[in-house]
Chemist: 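Sharing a structure here in structure tokens format.
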Amino acid sequence: MRTAERILGTRLWYRHAFYVSGAVNRSAFIRKFECFASPKTGYGLDLRLLCDWEAGKRSVSEGIVHRVDSQVPGTKDVFAIATLLKPKRLSAPAAERAVQNLYVTQPDGRRFWILPYAGAPNTAGDEATSYTWDDSASLASRGDFPGFLAILTLLRESVACSDFHRVARYARDLYVTLPSVSRLKWVRPDIDLMLQCIEGMMIGIRWFPAHVAIDWDAFRSEMSNPKSWPDAPPWIIHITGDYTQRSSHQLLPRPVPLLEDVEPLQPYVRPPMQCKEQGSGLPRKFK
């Protein structure tokens, strides 16, 4: 099914796999999968699939994700974003299964993230770094995609377990790392779709108890010209752990396109969904 989050996951996964593979063009990428060539088509990976993935006309199957990972290792975990951004309830075990290659569980039950630094070609041999399971601040400081997936997993897990005092912290750290993640060359073309899917996930979960207001001008500035900030990130202007709290800050509408030189994927990118009715502190679906 072609949902916005599956199209996002497909496009990010494919561009990351292409980039990490070191292929100079599509033909060179396809040649990496000749061992899977079909007797009917002669292809292990059809060029038409690549074109449809790029255009958002088709989402990739789990089988192909694993096939590509067998020849271009370390790529399948990117597609986990399609599961983690589903705009409906997701159980904690389901969220954890989506990223099962990114953490280990000790005999005493403690879990630790073991994250590679994904994003550049020829880095498969780099050592992974270990993090305490709920250390979202350290995960955010990485500013890369595995850290982003780990925080998103913690966010979905905390909502599923009704651990609401952690939800606001994880939501904040998710937006802390987003400008850095958005600078990745294989993520940047889909920044509008990714932000829409994050907002859609938060709004789609009726009991999601976090509200984050973003200064989008500051967000764009951090993307293009990152600077150190002494305390709170300047693009996060307000966050509350209770959707029903009234706030002196109004949600600032996210501009589409967010970046002038990035054209959003149509028809999947829509105008930002509204969380509040004018003059009310409650989301529309809570009225």
Side-chain angles (χ1 to χ4, degrees), residues 1-86 90 94-104 113-128 142 144-150 152-153 181-191 193-194 197 265 268:
M1 184 169 59
R2 284 189 300 161
T3 60
E5 64 274 10
R6 285 190 65 85
I7 293 300
L8 172 68
T10 297
R11 283 165 59 90
L12 295 183
W13 162 82
Y14 167 62
R15 279 198 300 269
H16 176 253
F18 186 95
Y19 181 50
V20 172
S21 74
V24 296
N25 53 41
R26 292 174 181 168
S27 297
F29 184 74
I30 288 174
R31 283 197 295 272
K32 292 182 177 294
F33 309 98
E34 290 178 346
C35 59
F36 300 108
S38 164
K40 292 184 178 180
T41 65
Y43 296 109
L45 197 61
D46 196 324
L47 176 62
R48 292 171 296 182
L49 274 178
L50 272 61
C51 295
D52 285 349
W53 293 337
E54 290 177 341
K57 294 180 179 179
R58 184 179 301 187
S59 61
V60 70
S61 68
E62 298 284 351
I64 292 181
V65 168
H66 286 279
R67 176 183 296 184
V68 169
D69 191 76
S70 70
Q71 305 303 304
V72 188
T75 56
K76 64 182 178 182
D77 295 318
V78 171
F79 191 66
I81 195 172
T83 296
L84 295 173
L85 287 181
K86 286 181 177 180
L90 189 67
E96 293 159 9
R97 281 195 301 270
V99 292
Q100 59 187 338
N101 299 311
L102 298 180
Y103 71 90
V104 295
W113 296 104
I114 308 294
L115 303 183
Y117 279 92
N122 306 318
T123 58
D126 288 357
E127 290 187 4
R142 289 171 56 96
D144 69 350
F145 206 78
F148 169 74
L149 289 177
L152 191 53
T153 302
V181 171
S182 301
R183 284 197 299 271
L184 296 171
K185 64 182 301 182
W186 49 274
V187 174
R188 195 172 188 271
D190 278 318
I191 177 60
L193 182 56
M194 185 165 70
C197 287
L265 179 66
Y268 296 99

Chemist: Determine whether a donor-acceptor pair (N or O, by modelled atom type, separation under 3.5 Å) exists between the side chain of T10 and the backbone of V60.
Modeler: yes
Chemist: Return the minimal non-hydrogen interatomic distance between V68 and T75, and the atom names on each side.
Modeler: CG1-OG1, 4.2 Å
Chemist: Can you find a pair of side-chain heavy atoms, one from S21 and one from Q71, that are under 4.5 Å apart?
Modeler: no
Chemist: Are any side-chain N or O atoms of D144 and backbone N or O atoms of G147, one a donor and one an acceptor, separated by less than 3.5 Å?
Modeler: yes
Chemist: Check whether R2 reaches the backbone of I7 with its side chain - one donor and one acceptor, N or O, closer than 3.5 Å.
Modeler: no
Chemist: Give a yes or no answer on whether the side chain of D69 reaches the backbone of K76 with a donor-acceptor pair at less than 3.5 Å.
Modeler: yes
Chemist: Taking side chain as C-beta onward, heavy atoms only, is W186 less than 4.5 Å from V78?
Modeler: yes
Chemist: Hey, does Y268 have a side-chain heavy atom less than 4.5 Å from the side chain of L8?
Modeler: no
Chemist: What's the separation between atom CZ in R6 and atom CG in L85, rounded to the nearest 0.5 Å?
Modeler: 12.5 Å
Chemist: Heavy atoms, side chains only, cut-off 4.5 Å: are L49 and I64 in contact?
Modeler: yes
Chemist: Which residue, R26, R11, R48, forms the salt bridge (Lys or Arg N to Asp or Glu O under 4.0 Å) with E54?
Modeler: R26
Chemist: Is there a side-chain contact between W113 and V99 (heavy atoms, below 4.5 Å)?
Modeler: yes
